2 protein chains.
Amino acid sequence: MAENPNESSDLERAPEKLGDAAYREMKERIIRGVYRPGHKLTVRAIAQDLDVSTTPARDAINRLASEGALVYAGPKTVVVPVLDAAALREITLTRLALEGLACEQAAQHGTPDNVEELKSLQRLINSALDERRYAEALWHNKEFHFAIYRLSGLPQLVSMIESLWLRIGPSLHNLYPEFAEEKYGVRNHEIAVEALAERDGASLRAAMENDIRDGYRRLKRASLEREAGQSA
Amino acid sequence: MAENPNESSDLERAPEKLGDAAYREMKERIIRGVYRPGHKLTVRAIAQDLDVSTTPARDAINRLASEGALVYAGPKTVVVPVLDAAALREITLTRLALEGLACEQAAQHGTPDNVEELKSLQRLINSALDERRYAEALWHNKEFHFAIYRLSGLPQLVSMIESLWLRIGPSLHNLYPEFAEEKYGVRNHEIAVEALAERDGASLRAAMENDIRDGYRRLKRASLEREAGQSA
DNA sequence: TTCACAATTTTGTTGCAACAAAACTGCAGC
DNA sequence: GCTGCAGTTTTGTTGCAACAAAATTGTGAA
């Protein structure tokens, strides 16, 4: 008679629902920059794009909106957010706290295999930067970060971080031209890899925090320039 | 022709939708312990309880589930989560990071009025504890914490913290009997109030971290006892 | 009692139509 | 050019029915 839900090893795999698929697809489009900041989304348009009915499309939009990846610009208007200075600062502070925590935990679990994987990802970033394939560099950059965060063994934390990346993701695509004047984040990543190899949590955290702050500076500058341009 | 969504002061107030109302109501029930860990929820039952159709009920459940406040115990079974040791640890680590950050930011903005408000909330907690009205004590305890966190001026951070509280909320209601053997969190709260008055961010953070860790210890003990009881 | 298994009931998902409300368009009037 | 405003179109929300699939119940055998 006793109910006994979710034991420790609860790995039931539900068949993916249409709404989930729509959600994943939209998430990827947002990260990859298909939908740029300011882009307006409608239920019916998404439904048509993804070839599903309005219900799953609406589910996906609502879910993204509740995560902050989309915002309401009006009662019936959902857009990809354009981050202002305050929002940018808030996200960055939160990222520092959460990604910092993930780094410290990750350092305790890193193996030589993980170190190799990171080096390999970094090579992909480097060559993408060299060939000015910025979108691809951004993508591998994300993989690099999350390869580390996943080592923390804290899956819920990783998804919280993911939702933060979803918020800044679109804005990153506005940094393209000046993006690789100096190789974006390369040095920080190198230090991070070393720190992970040495299982030095504090150093890993510091390197990644540095990386986050560097990105923040660039975004803030771009944001200020945009605001100045608008009011002028 | 240029779109110009979400300016700095974007305070458009949309009339509340049924789905949002359902979401709020369920959130409150979860925090207040109406739905206990293990409680199974169905779309139609919720719809009937809240007197709406299935669509808003389903919206609310899905949203709560995507926040982690509800979990899938099977493909068609949504329950209030029963936290195991690992989940408890993960949430606590995240809480320390996020609530710690909120404290540090809050300390920079505290006013004498805020200090008075906190003292008043603490009085409510005290008398509720004295009269063994635990659910009420828990409620005011939440208000105390969030009164501080809101001072951070970081609204998105506050909602992230809220979703974490939603996850542990139900479990707290299992601590009732031994809950006030020693006054729960009172000393830490007193220190926190002083720290806020002095705008001492580090102390405020330390006091609240202490509070979080104390709650963690109790929950962990209860969780271990429960697991031992189950397998025996 | 315990287990297996089939019949039955309950459940979530999906698609869709109706409705009210918001967004948009175009046109005067300044 | 810009502003204000009506008419028109588009939009999100809601309720609901159908369907497939999962959960539950009941039955019988070991």
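Below, chain A is the first sequence line, B the second, and so on; all start at residue 1. Because the structure is predicted, anything quoted here is derived from the model rather than measured.
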May I have the distance from [X] (atom [atom1]) to [N] (atom [atom2]), rounded to whole angstrom?
X	N	atom1	atom2	answer
A:I46	D:dG12	CD1	C1'	14 Å
A:Y72	C:dA23	OH	C1'	16 Å
B:D59	D:dG12	CG	P	14 Å
A:L18	C:dC16	CG	C1'	15 Å
A:Y23	C:dT14	OH	C1'	20 Å
B:R44	D:dT14	CZ	P	18 Å

When you measure from the side chain of [X], which nucleotide among [options] comes out closest?
X	options	value
A:T42	D:dT11, D:dT14, C:dT14	D:dT11
B:K17	C:dC16, D:dT14, C:dG15	D:dT14
B:N62	C:dT13, D:dT11, D:dT14	C:dT13
A:P75	D:dA22, C:dG12, C:dA22	C:dA22
A:K40	C:dC24, D:dT14, C:dT14	C:dC24

Any base atoms under 4.0 Å from [X], or only sugar-phosphate, or nothing? Heavy atoms, all strands.
X	result
A:T55	base
B:L41	sugar-phosphate
B:T77	sugar-phosphate

N/O donor-acceptor pair under 3.5 Å between [X] side chain and [Y] backbone:
X	Y	answer
B:H109	B:L151	yes
B:S152	B:I148	no
A:S159	A:E162	no

According to a strict under-4.0 Å criterion, is B:R58 in side-chain N/O contact with OP1 or OP2 of C:dT13? yes
Around atom NZ of A:K142, are there more than 12 heavy atoms from other residues, nucleotides or ligands closer than 6.0 Å? yes
Is it true that atom CD of A:E131 has more than 12 heavy atoms of other residues, nucleotides or ligands lying nearer than 6.0 Å? yes
Would the base of C:dA21 count as contacting A:K76 through its side chain, where contact means a donor and an acceptor less than 3.5 Å apart? yes
Of B:T54 and B:A45, whose closest DNA chain C nucleotide lies nearer the 5' terminus? B:A45
